[in-house]
Amino acid sequence: MRRTVIAGNWKMNMTPAETKKFIGELAPMVAGLDKCDIVLCVPAIDIPAAVEAASGTNIRIGAENVHFKESGAYTGEISAKMLVEAGVEYVVIGHSERRQYFGETDKTVNLRTKAALAAGLKTIVCVGESLEERELGYTETLLKYQTKMALTGVTAEQLKNVVVAYEPVWAIGTGVTATAEQADEGNGFVRAAIAEAYGAEAAEEVTVQYGGSMNDGNAAELLSKVNVDGGLIGGASLKTDKFTAIVKAANA
Ligand code: 13P
């Protein structure tokens with residue numbers, strides 16, 4: 001049975017001191033809610049504070065990006081090995097904000113995914129269509145293409161450490177959530193792409209999250225769908241009460 005994963009993506013929010021305070025508050029609120037994995041993906045500078053504060057709790061720490069080379073002249077970048085040594089377990093790859101603002105492509109998403117998996121990290125690979133692409137009727141084609149491109153060269157064994165997040169770009173930070181049916185359908189396209197590449201049995205085991213304005217009010221309905229195995233949460237992951245409510249919805 002695939003594991004439900006509730007992950008916060010803090011984006012460019014929270015200082016190290018705020019991180020320590022937040023996790024100190026959150027830990028007792030989510031203690032024992034173990035029917036899902038609870039992950040906070042935090043800015044690189046916050047990782048040491050986050051790992052320390054989460055130590056001994058059921059909160060796992062993720063990064064928001066990783067470079068694909070092991071080391072070298074790549075100013076400003078962080079390798080998978082560095083993340084592992086810092087105590088990171090998960091990494092978000094190919095978020096639409098990175099695709100939109102930082103020149104991320106399907107090719108670099110694939111390189112990062114392979115590097116992260118080779119180092120033993122669990123990946124949260126993001127895919128999703130824009131409003132224009134949806135209106136043109138390309139959602140299925142695009143989601144399948146992005147998923148297959150991201151996973152090219154990933155072995156069936158490594159697939160066990162892959163989580164994919166379906167995040168429709170039009171639903172991110174807009175307050176417009178996909179309907180539960182749209183989320184289920186999009187996640188289903190992702191799973192179908194994985195089935196085409198690895199077989200139906202392997203695809204059934206892959207956790208596929210939904211992301212895009214998921215919050216304490218809509219999480220239960222989204223998570224009730226058969227293909228929605230968790231959430232990647234932006235804004236609502238910055239509030240302990242809202243994030244806890246989502247974790248509780250996943251534990252109901
Ligand atoms: P919001 O939950 O703020 O819409 O962000 C979603 C997201 O991009 C998570 O990666």
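The structure presented is a predicted model; accordingly, all values stated were derived computationally and were not measured. Note that ligands are numbered from 1 as they come in the structure, with each ligand's atoms numbered from 1 the same way.
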Interfacing atoms of ligand 1 (cut-off 4.0 Å, heavy-atom, [X]):
| X | result |
| --- | --- |
| Gly212 | 4 (O), 6 (C) |
| Ala171 | 4 (O) |
| Gly235 | 1 (P), 2 (O), 3 (O) |
| Lys11 | 5 (O), 6 (C), 7 (C), 8 (O) |
| His95 | 7 (C), 8 (O), 9 (C), 10 (O) |

| Would a distance-only check, ignoring hydrogens and angles, find a side-chain to backbone donor-acceptor pair under 3.5 Å from Ser96 to Arg99? |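 A pair under 3.5 Å: no.
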
| request: Among Thr123, Asp37, Asn161, find the one that has a side chain to side chain donor-acceptor pair (under 3.5 Å) with Tyr90. | output: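 Option passing the side chain to side chain donor-acceptor pair (under 3.5 Å) with Tyr90: Asp37.
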
| task | Measure the distance from atom 9 (C) of ligand 1 to every protein heavy atom, then report the residue, atom name and distance (to 0.1 Å) of the closest one. | result |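 Residue, atom and distance for the closest contact: Glu167 OE2, 2.9 Å.
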
| request: Would you mind checking which non-hydrogen protein atom is closest to atom 2 (O) of ligand 1, with the distance to 0.1 Å? | output: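 Answer, as residue, atom name and distance: Gly234 N, 2.9 Å.
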
| Within one Ile-Leu-Val-Met-Phe-Trp-Tyr cluster: Ile93 and Ile78, side-chain cutoff 4.5 Å |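 Both belong to a single hydrophobic cluster.
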
| field | Test item, Ser96 contacting ligand 1 (heavy atom, 4.0 angstrom) | value |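 In this structure, Ser96 fails to qualify as a contact of ligand 1 - no heavy atom is under 4.0 Å.
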
| said: I'd like to know if Ser213 contacts ligand 1, where contact means a heavy-atom distance under 4.0 Å to any ligand atom. | reply: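 It does, in that a heavy atom of Ser213 comes within the 4.0 Å cut-off of ligand 1.
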
| query | Can you tell which part of Asn9 has a heavy atom less than 4.0 Å from ligand 1: side chain, backbone, both or neither? | reply |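 Just the side chain.
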
| Between Lys35, Arg3, Arg191, which is the residue that forms a salt bridge (charged side-chain N to carboxylate O under 4.0 Å, His left out) with Asp229? |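 The single option meeting the salt bridge (charged side-chain N to carboxylate O under 4.0 Å, His left out) with Asp229 is Arg191.
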
| Interatomic distance, Tyr198 atom OH to Glu205 atom CD [nearest 0.5 angstrom] |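 Between atom OH of Tyr198 and atom CD of Glu205 there are 14.5 Å.
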
| From Thr147 atom OG1 to Asp106 atom CG, the distance as rounded to the nearest 0.5 Å |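 Result: 9.5 Å between the selected atoms.
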
| message | Do Arg112 and Val91 make a side-chain contact, defined as non-hydrogen atoms from C-beta onward lying under 4.5 Å apart? | response |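 Heavy-atom side-chain distance check fails, nothing below 4.5 Å.
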
| said: Counting only heavy atoms, tell me which of Cys41, Gly173, Ala7 gets closest to atom 4 (O) of ligand 1. | reply: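 Looking at heavy atoms only, the winner is Gly173.
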
| Any Lys/Arg nitrogen of Lys21 or Glu25 sitting under 4.0 Å from an Asp/Glu carboxylate oxygen of the other? |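 Salt bridge flag = yes for Glu25 with Lys21.
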
